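Read through the structure below, which is laid out as structure tokens, and then see the notes.
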Protein chains: 2
Amino acid sequence: MLTHLLPVELEKSYRLLNHGPTVLVSAQDHEHTDVMTAAWACALEFSPAKVTVVLDKSTKTREIIENSGYFALQVPTLKQLKMVYALGMISLKDAPEKLRHSGAELFKFPHSNIPAVAGCAAWILCELISEPHNQQTHDLFIGKVIGAYADERIFRDGHWHYQDAADEWKSLHHVAGGHFYTIGNAVSIHTDQE
Amino acid sequence: MLTHLLPVELEKSYRLLNHGPTVLVSAQDHEHTDVMTAAWACALEFSPAKVTVVLDKSTKTREIIENSGYFALQVPTLKQLKMVYALGMISLKDAPEKLRHSGAELFKFPHSNIPAVAGCAAWILCELISEPHNQQTHDLFIGKVIGAYADERIFRDGHWHYQDAADEWKSLHHVAGGHFYTIGNAVSIHTDQE
């Protein structure tokens with residue numbers, strides 16, 4: 001399961017989210033394990049690395065994160081499109097078999113108890129920074145990044161390599177309903193500053 | 001200047017950001033007008049529509065927004081790549097001629113005093129919801145959406161139409177340095193729920 005997975009420096013973990021992909025949010029507490037799809041996730045700080053994610057009060061994943069204090073954001077791929085859509089449409093509250101029916105296969109990174117979804121392109125493990133005002137008023141959750149990993153076949157040396165990989169690796173960018181865009185072509189400004 | 005620009009329902013304005021594009025943040029106060037590039041902008045709420053954007057303390061745009069209480073997020077296009085990069089690299093504090101040198105041409109929507117950048121694909125006009133803790137601790141600014149517009153050639157009927165338009169219209173998704181990805185292909189789950 002961990003073949004091809006390499007750690008990403010925490011200070012560069014923002015690059016896993018910088019292009020604005022739709023993510024999967026995973027968490028577990030003593031009773032439940034859940035994964036949900038979220039389009040509203042964003043980097044918040046370079047160092048110490050932090051992220052934000054908006055979690056509606058109706059979601060089971062939110063309850064689990066409030067209980068456990070930990071979650072992972074992961075960047076799914078075009079190959080996982082059906083799973084990504086199912087994980088966003090079905091609630092664990094209505095369908096206890098949600099994860100099995102969605103086809104989500106879970107694993108854990110060494111020294112981590114946060115469930116991670118297999119087959120994604122990258123993973124950001126987070127400890128919740130509890131902020132009751134943001135959570136209650138804005139459904140906004142802030143995580144301190146405590147681990148980051150990527151599949152070296154698509155992210156290595158601090159950069160995505162979408163242009164060198166098969167389309168099935170591309171990130172998904174949700175618009176509405178069942179409609180997504182994949183990430184597209186690399187374009188660069190030529191500069192001496194890199 | 002306003003040819004092809006149509007209002008977007010505020011409740012659907014999240015769709016302008018949902019695919020995670022790099023944005024331009026614009027604002028003016030009694031003394032200054034500035035535009036900066038930001039990769040860390042995100043939808044926060046459907047209704048009343050709200051957005052977040054992370055603005056470093058070093059930026060002039062942030063000072064202006066704190067003074068004026070208003071800002072716009074806009075979605076630039078591949079055609080504007082050089083301008084987008086320049087607006088993110090140069091500070092108005094160092095270069096008073098930043099906007100002219102970057103090639104940013106400004107205009108205003110009817111009944112709005114917020115400067116907007118011409119040639120973008122979409123615009124979200126915001127009133128700052130003052131939250132000193134988020135602003136000071138996290139550099140996180142929350143805006144209530146008070147107006148939204150899009151160029152009908154690329155966004156209409158509540159949806160992006162990247163697949164029907166020339167590449168120069170594509171949104172930019174910043175990775176690091178001068179490196180970006182454009183948005184890619186449309187992919188859909190076939191469902192009866194739309």
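Every chain is numbered from 1 and lettered A, B, ... according to where its sequence line falls, protein lines coming before strand lines. Computation of the quantities below employed the complete heavy-atom set of this structure, encompassing side-chain atoms and omitting hydrogens, waters and symmetry-equivalent molecules. This is a predicted model, so every value here is computed, not measured.
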A:His159 and B:His179 aromatic ring geometry - parallel, tilted or perpendicular at 30°/60° bounds: perpendicular

Co-membership, hydrophobic cluster, residues B:Tyr14 and B:Leu44, 4.5 Å side-chain: yes

Contact summary for B:Val175 and A:Trp160, nearest pair of heavy atoms: CG1-CD1, 4.5 Å

Heavy-atom donor-acceptor pair, B:Asn18 side chain to A:His174 backbone, under 3.5 Å: yes

Residue-level contacts of residues 29-37 of chain B with chain A, using a heavy-atom cutoff under 4.5 Å: none

Path from A:Leu24 to A:Leu16 over hydrophobic side-chain contacts below 4.5 Å: no

Shared hydrophobic cluster, B:Leu17 / B:Phe71 (ILVMFWY, side-chain heavy atoms < 4.5 Å): yes

ILVMFWY cluster, A:Val8 and A:Leu5 together (side-chain gap under 4.5 Å): no

Selection from B:Ala43, B:Gly158, B:Ala186 maximising heavy-atom pairs under 4.5 Å formed with chain A: B:Ala43

Residue selection (most heavy-atom pairs with chain B, distance under 4.5 Å) from A:Pro21, A:Gly20, A:Ala41, A:Ser171: A:Gly20

Gap separating the CD1 atom of B:Ile142 from the CG atom of A:Asn134, nearest 0.5 angstrom: 6.0 Å

More than 12 heavy atoms of other groups within 6.0 Å of A:Lys144 NZ: no

Other residues, nucleotides, ligands: >12 heavy atoms within 6.0 Å of A:Lys79 NZ: no

Part of B:Leu78 within contact of chain A (heavy atom distance under 4.5 Å): side chain

Which of B:Leu81, B:Asn185, B:Asp139, B:Thr22 touches chain A most, by non-hydrogen pairs under 4.5 Å: B:Asn185

B:Asp56 side, atom CG; A:Glu45 side, atom CD - distance, nearest 0.5 Å: 9.5 Å

Distance (rounded to the nearest 0.5 Å) between B:Thr52 OG1 and A:His138 NE2: 10.0 Å

More than 12 heavy atoms of other groups within 6.0 Å of B:Lys82 NZ: no

Gap between atom CZ of A:Phe180 and atom CD1 of B:Ile189 - 0.5 Å precision: 6.5 Å

Same apolar cluster: B:Tyr85 and A:Val187, side chain cutoff 4.5 Å: yes

Sidechain-backbone polar pair: B:Tyr162 side chain, A:Tyr181 backbone, donor-acceptor under 3.5 Å: no

Selection from A:Lys50, A:Gln163, A:Lys12 maximising heavy-atom pairs under 4.5 Å formed with chain B: A:Gln163

Interatomic spacing from CD1 in B:Ile183 to NE2 in A:His19 - rounded to 0.5 Å: 9.0 Å

Atom group of A:Val54 that falls short of 4.5 Å from chain B, counting heavy atoms: side chain

Side chain, backbone, both or neither of A:Leu172 within contact of chain B (heavy atoms, under 4.5 Å): side chain

Chain A-proximal positions within residues 124-133 of chain B [heavy-atom distance under 4.5 Å]: B:Glu131, B:His133

Beyond-backbone contact of B:Leu140 with A:Leu140, side-chain heavy atoms, under 4.5 angstrom: yes

